[in-house]
Amino acid sequence: MDAEKKPAPLLDRAHLDAQTFGDADLAREVLSLFEDQCRRLLPALAEEGRPAEARADLAHTLKGAALGVGAMRVAQACAAVEADLRAGRAADLAALRTAAAATLDALGPETERRPDRS
(Lines give C-alpha, C1' and ligand atoms only; values in the text may rest on other atoms or scores of the structure.)
Protein backbone atom coordinates (compact mmCIF):
# COMPACT_ATOMS: atom_id res chain seq x y z
CA MET A 1 0.00 0.00 0.00
CA ASP A 2 1.24 3.49 -0.82
CA ALA A 3 2.46 5.45 2.22
CA GLU A 4 0.22 8.34 1.15
CA LYS A 5 -2.88 6.13 1.14
CA LYS A 6 -2.11 4.33 4.39
CA PRO A 7 -4.62 5.40 7.04
CA ALA A 8 -3.31 7.30 10.02
CA PRO A 9 -3.20 5.31 13.26
CA LEU A 10 -6.17 5.58 15.58
CA LEU A 11 -3.83 6.32 18.45
CA ASP A 12 -0.10 6.91 18.18
CA ARG A 13 0.94 5.54 21.55
CA ALA A 14 4.57 6.63 21.15
CA HIS A 15 3.34 10.22 20.66
CA LEU A 16 1.03 9.95 23.67
CA ASP A 17 3.87 8.55 25.76
CA ALA A 18 6.15 11.42 24.72
CA GLN A 19 3.44 14.00 25.50
CA THR A 20 2.79 12.53 28.95
CA PHE A 21 6.43 11.71 29.80
CA GLY A 22 5.49 8.04 30.20
CA ASP A 23 3.13 8.83 33.09
CA ALA A 24 0.24 6.36 32.77
CA ASP A 25 -2.04 8.36 35.09
CA LEU A 26 -1.46 11.52 33.09
CA ALA A 27 -2.10 9.63 29.85
CA ARG A 28 -5.43 8.37 31.20
CA GLU A 29 -6.34 11.90 32.27
CA VAL A 30 -5.60 13.52 28.91
CA LEU A 31 -7.33 10.70 27.07
CA SER A 32 -10.38 11.22 29.28
CA LEU A 33 -10.33 14.95 28.51
CA PHE A 34 -10.06 14.13 24.80
CA GLU A 35 -13.04 11.80 25.09
CA ASP A 36 -15.06 14.56 26.78
CA GLN A 37 -14.15 17.01 24.02
CA CYS A 38 -15.23 14.55 21.34
CA ARG A 39 -18.58 13.99 23.02
CA ARG A 40 -19.11 17.75 23.44
CA LEU A 41 -17.78 19.09 20.13
CA LEU A 42 -19.01 16.52 17.61
CA PRO A 43 -22.71 17.32 18.15
CA ALA A 44 -21.97 21.06 17.90
CA LEU A 45 -20.06 20.48 14.66
CA ALA A 46 -23.13 18.80 13.21
CA GLU A 47 -25.43 21.76 13.92
CA GLU A 48 -26.28 23.00 10.43
CA GLY A 49 -27.68 26.25 11.84
CA ARG A 50 -24.35 27.15 13.45
CA PRO A 51 -22.23 29.48 11.26
CA ALA A 52 -19.62 27.70 9.14
CA GLU A 53 -16.79 29.74 10.66
CA ALA A 54 -17.84 28.71 14.18
CA ARG A 55 -18.06 25.08 13.09
CA ALA A 56 -14.59 25.35 11.50
CA ASP A 57 -13.27 26.71 14.80
CA LEU A 58 -14.77 23.69 16.60
CA ALA A 59 -13.09 21.34 14.12
CA HIS A 60 -9.81 23.18 14.69
CA THR A 61 -10.17 22.84 18.46
CA LEU A 62 -10.88 19.13 18.22
CA LYS A 63 -7.97 18.70 15.80
CA GLY A 64 -5.63 20.26 18.36
CA ALA A 65 -6.93 18.01 21.11
CA ALA A 66 -6.52 14.97 18.87
CA LEU A 67 -2.96 15.91 17.96
CA GLY A 68 -2.18 16.40 21.63
CA VAL A 69 -3.02 12.79 22.49
CA GLY A 70 -1.93 11.18 19.22
CA ALA A 71 -5.43 10.49 17.87
CA MET A 72 -4.13 10.91 14.35
CA ARG A 73 -7.13 9.67 12.38
CA VAL A 74 -9.41 12.08 14.25
CA ALA A 75 -6.94 14.91 13.64
CA GLN A 76 -6.81 14.09 9.93
CA ALA A 77 -10.61 14.03 9.65
CA CYS A 78 -10.91 17.30 11.61
CA ALA A 79 -8.44 18.96 9.25
CA ALA A 80 -10.57 17.96 6.25
CA VAL A 81 -13.78 19.20 7.89
CA GLU A 82 -12.13 22.46 8.91
CA ALA A 83 -10.76 23.04 5.38
CA ASP A 84 -14.16 22.38 3.80
CA LEU A 85 -15.97 24.72 6.17
CA ARG A 86 -13.42 27.52 5.77
CA ALA A 87 -13.67 27.17 1.97
CA GLY A 88 -17.45 27.49 2.10
CA ARG A 89 -18.07 23.86 1.19
CA ALA A 90 -20.41 21.49 2.97
CA ALA A 91 -18.45 19.39 5.44
CA ASP A 92 -18.81 15.63 5.29
CA LEU A 93 -18.71 14.61 8.94
CA ALA A 94 -18.97 10.86 8.26
CA ALA A 95 -15.21 10.23 8.28
CA LEU A 96 -14.81 12.29 11.45
CA ARG A 97 -17.63 10.46 13.22
CA THR A 98 -16.19 7.11 12.18
CA ALA A 99 -12.66 8.03 13.28
CA ALA A 100 -13.87 9.42 16.61
CA ALA A 101 -16.07 6.40 17.33
CA ALA A 102 -13.28 3.94 16.50
CA THR A 103 -10.77 5.89 18.60
CA LEU A 104 -13.11 6.18 21.58
CA ASP A 105 -13.96 2.48 21.32
CA ALA A 106 -10.24 1.67 21.31
CA LEU A 107 -9.73 3.83 24.41
CA GLY A 108 -12.66 2.30 26.29
CA PRO A 109 -11.16 0.95 29.51
CA GLU A 110 -8.22 3.38 29.47
CA THR A 111 -10.42 6.38 30.13
CA GLU A 112 -12.57 4.55 32.67
CA ARG A 113 -9.60 4.05 35.03
CA ARG A 114 -9.21 7.75 35.75
CA PRO A 115 -7.19 8.53 38.84
CA ASP A 116 -9.17 9.70 41.85
CA ARG A 117 -8.69 13.44 42.27
CA SER A 118 -9.95 13.68 45.84
What are the two closest heavy atoms between [X] and [Y], and how far apart are they?
{"X": "Ala8", "Y": "Gln76", "result": "CB-OE1, 3.6 Å"}
{"X": "Ala75", "Y": "Ala66", "result": "N-CB, 3.7 Å"}
{"X": "Gly22", "Y": "Asp17", "result": "CA-OD1, 2.8 Å"}
{"X": "Leu85", "Y": "Ala56", "result": "CD1-N, 3.6 Å"}
{"X": "Thr103", "Y": "Ala71", "result": "CG2-CB, 4.1 Å"}
{"X": "Ala83", "Y": "Arg89", "result": "O-NH2, 3.8 Å"}

Working to the nearest 0.5 Å, report the span between [atom1] of [X] and [atom2] of [Y].
{"X": "Leu58", "Y": "Cys78", "atom1": "CG", "atom2": "SG", "answer": "10.0 Å"}
{"X": "Met72", "Y": "Leu67", "atom1": "CE", "atom2": "CG", "answer": "6.0 Å"}
{"X": "Cys38", "Y": "Arg97", "atom1": "SG", "atom2": "CZ", "answer": "13.0 Å"}
{"X": "Leu93", "Y": "Leu42", "atom1": "CG", "atom2": "CG", "answer": "8.0 Å"}

Going only through I, L, V, M, F, W and Y residues with side-chain contacts under 4.5 Å, is there a path from Leu41 to Val69?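 They do share one cluster, since a chain of ILVMFWY contacts under 4.5 Å joins Leu41 to Val69.
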Taking Leu62 as the starting point, is it possible to reach Leu10 by hopping between hydrophobic residues whose side chains are less than 4.5 Å apart?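 Shared cluster, no.
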According to the salt bridge (charged side-chain N to carboxylate O under 4.0 Å, His left out) rule, which pairs have a member within residues 67-83, sequence neighbours left out?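 Residue pairs passing salt bridge (charged side-chain N to carboxylate O under 4.0 Å, His left out), neighbours aside: Lys63-Glu82, Glu82-Arg86.
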Any side-chain heavy-atom pair from [X] and [Y] closer than 4.5 angstrom?
{"X": "Val30", "Y": "Leu16", "value": "yes"}
{"X": "Leu107", "Y": "Leu104", "value": "yes"}
{"X": "Leu31", "Y": "Leu11", "value": "yes"}

For Arg39, check side-chain hydrogen bond (donor to acceptor under 3.5 Å, both in side chains) against everything at least two apart and list the hits.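 Once residues adjacent in sequence are excluded, the partners of Arg39 under the side-chain hydrogen bond (donor to acceptor under 3.5 Å, both in side chains) criterion are Glu35.
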Look at atom NE2 of His60 and say whether more than 12 heavy atoms of other residues, nucleotides or ligands are closer to it than 6.0 Å.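 Counting neighbours around NE2 of His60, 12 or fewer heavy atoms of other residues, nucleotides or ligands fall under 6.0 Å, so no.
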Under 3.5 Å, side chain of Arg50 to main-chain N/O of Arg55, donor-acceptor pair present?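 It does not hold such a pair.
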Is the backbone of Asp57 close enough, under 3.5 Å, to the side chain of Thr61 for a donor and an acceptor to pair up by distance?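 Checked: pair present.
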